[in-house]
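Working notes, structure below.
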Amino acid sequence: MAGETTPTSLNDLIHSEQIEQIILSANRPASVHQLIAWVRDASKGGAGVYQFPRWDKVDLPAGTKTEGTGGFTITEQTTSSATATAGVVGIGIELTDEAEQDSMKSIADIIMLNEARGAERLTKDLVGLFTSASNTTNVGNAAFDLTQWGIAKAAFKAQSPVGVRMAYVGSNASIRDLEASMRATGAAFMANPLIVDGSVINNPGQGFRGMFEGIEIYETGLCPDNDADTISTAFCVAGDQGALGLAVWFPWKHEVRRNPENATNELFTAARYGVCITNQSNLREVISQD
């Protein structure tokens with residue numbers, strides 16, 4: 001048959017392509033700063049620095065007091081502190097009216113993208129402190145396996161860390177090697193009655209991966225490189241009174257400014273915060289292969 005009306009006949013009325021309205025998220029490493037940081041509100045301090053004070057360790061003197069004579073040794077109790085310095089970070093995005101109308105996406109969508117960008121930046125700044133740790137287990141350009149895990153964990157505990165939550169924040173590479181060592185141990189490891197569901201690294205993806213030997217395990221692709229061949233991860237006390245302080249002067253805020261001359265909306269997203277190591281004894285860097 002000839003003369004039928006086809007899509008070609010009506011090509012001016014047919015959409016050239018169909019686009020899914022749900023957009024795939026950008027591939028970002030897991031953001032874990034809210035899970036591991038000691039977060040404090042610095043907005044009402046009236047200063048651009050925030051202090052995390054701590055008691056210094058003072059031991060009781062050796063020996064005993066002789067009955068009826070002498071006196072106790074007077075010992076000074078001192079304090080020390082760590083300081084987070086405020087800094088403003090942010091990003092600007094300009095969206096044309098044409099783009100907003102034709103793409104069927106609004107400035108609100110860009111705000112959500114900026115929230116994700118901000119979360120990634122916060123985690124990157126926080127875990128970047130690993131390379132400033134005073135205590136380090138250096139595996140070198142070798143795997144962070146179960147043996148090295150045990151050595152580093154024991155060294156961390158020997159620092160007498162203070163806190164309820166003990167955590168290990170690992171890189172993709174260090175978690176890869178730890179899981180490989182677990183697989184190599186095989187049936188004997190998994191048959192151990194102490195290894196029950198939920199007590200091994202069994203959550204998919206990045207972020208919180210599970211528990212192992214009483215330690216919370218986190219994975220993020222934002223751990224800092226130590227050099228070209230090695231990467232820095234860390235054992236730490238997580239949460240309040242933990243090792244990694246995050247002082248926030250103002251959280252992410254979004255401001256839209258109209259630019260009629262260019263027919264655009266300008267979006268500015270910014271936050272003011274500072275990070276620091278609050279207590280070196282609550283942190284231990286682990287250097288292993290990347």
Side-chain angles (χ1 to χ4, degrees), residues 29-30 32 35-38 57 123 126-227 229-239 241-244 277-290:
V32 299
L35 303 174
I36 63 174
W38 180 9
K57 184 174 182 287
T123 291
L126 201 70
V127 300
L129 295 172
F130 292 168
T131 57
S132 298
S134 298
N135 303 290
T136 300
T137 295
N138 193 340
V139 179
N141 189 13
F144 185 55
D145 57 16
L146 285 173
T147 298
Q148 295 298 336
W149 161 274
I151 293 171
K153 185 185 71 171
F156 173 58
K157 289 187 173 181
Q159 297 170 198
S160 300
V162 177
V164 176
R165 295 172 51 207
M166 303 293 174
Y168 171 70
V169 183
S171 66
N172 306 138
S174 69
I175 298 297
R176 171 201 67 202
D177 292 339
L178 195 58
E179 289 176 322
S181 185
M182 290 178 177
R183 287 192 295 270
T185 307
F189 179 82
M190 299 309 296
N192 189 323
L194 297 178
I195 304 301
V196 296
D197 184 42
S199 67
V200 295
I201 309 171
N202 59 1
N203 289 336
Q206 296 186 28
F208 177 66
R209 294 294 313 279
M211 302 286 293
F212 181 56
E213 296 185 342
I215 306 291
E216 299 175 16
I217 307 294
Y218 296 91
E219 179 181 356
T220 177
L222 297 170
C223 289
D225 288 328
N226 180 66
D227 58 31
D229 299 314
T230 59
I231 197 164
S232 293
T233 60
F235 283 91
C236 65
V237 177
Q241 301 185 52
L244 305 173
I277 298 173
T278 64
N279 186 345
Q280 289 283 1
S281 294
N282 280 354
L283 180 68
R284 187 173 193 86
E285 178 190 22
V286 178
I287 299 174
S288 60
Q289 71 179 5
D290 198 353

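Between the CZ atom of F130 and the CG atom of L222 there is a distance of 10.5 Å, given to the nearest 0.5 Å. Rounding to the nearest 0.5 Å gives a distance of 7.5 Å between NZ of K157 and CE of M166.
A donor-acceptor contact closer than 3.5 angstrom links the side chains of T230 and D227.
Between F144 and F235, the ring-plane angle classifies as perpendicular under the 30° and 60° cut-offs.
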Check the pair I231 / N226 against side chain to side chain contact (heavy atoms under 4.5 Å, CB included), numbers first and verdict last. CA-CA 5 Å; I231 197 164; N226 180 66; 6.0 Å; no
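Atom CD of Q289 sits in a crowded spot, with more than 12 heavy atoms from other residues, nucleotides or ligands closer than 6.0 Å.
Residues F156 and N135 are not in side-chain contact: their nearest non-hydrogen atoms beyond the backbone lie 4.5 Å or more apart. You'll find the side chain of Y168 reaches within 4.5 Å of the side chain of I175, heavy atoms only. Counting heavy atoms from C-beta outward, D177 and S288 have side chains that stay 4.5 Å or more apart. For the pair N279/Q241, no side-chain contact is recorded, criterion being any heavy-atom separation below 4.5 Å from C-beta on. Annotation: side chain of V139 is not in contact with side chain of I287 (no heavy-atom distance under 4.5 Å). Side-chain contact between Y218 and V127 is absent, with no heavy-atom pair separated by less than 4.5 Å.
Here the closest heavy-atom approach between residue G210 and residue N203 is recorded as N-ND2, 3.8 Å. When all heavy atoms are compared, the tightest approach of A30 to E219 is CB-O, 3.7 Å. Nearest approach of T220 to P29, heavy atoms of both residues: OG1-CB, 4.3 Å. Listed here is the closest heavy atom pair of D145 and Q148: OD1-N, 2.9 Å.
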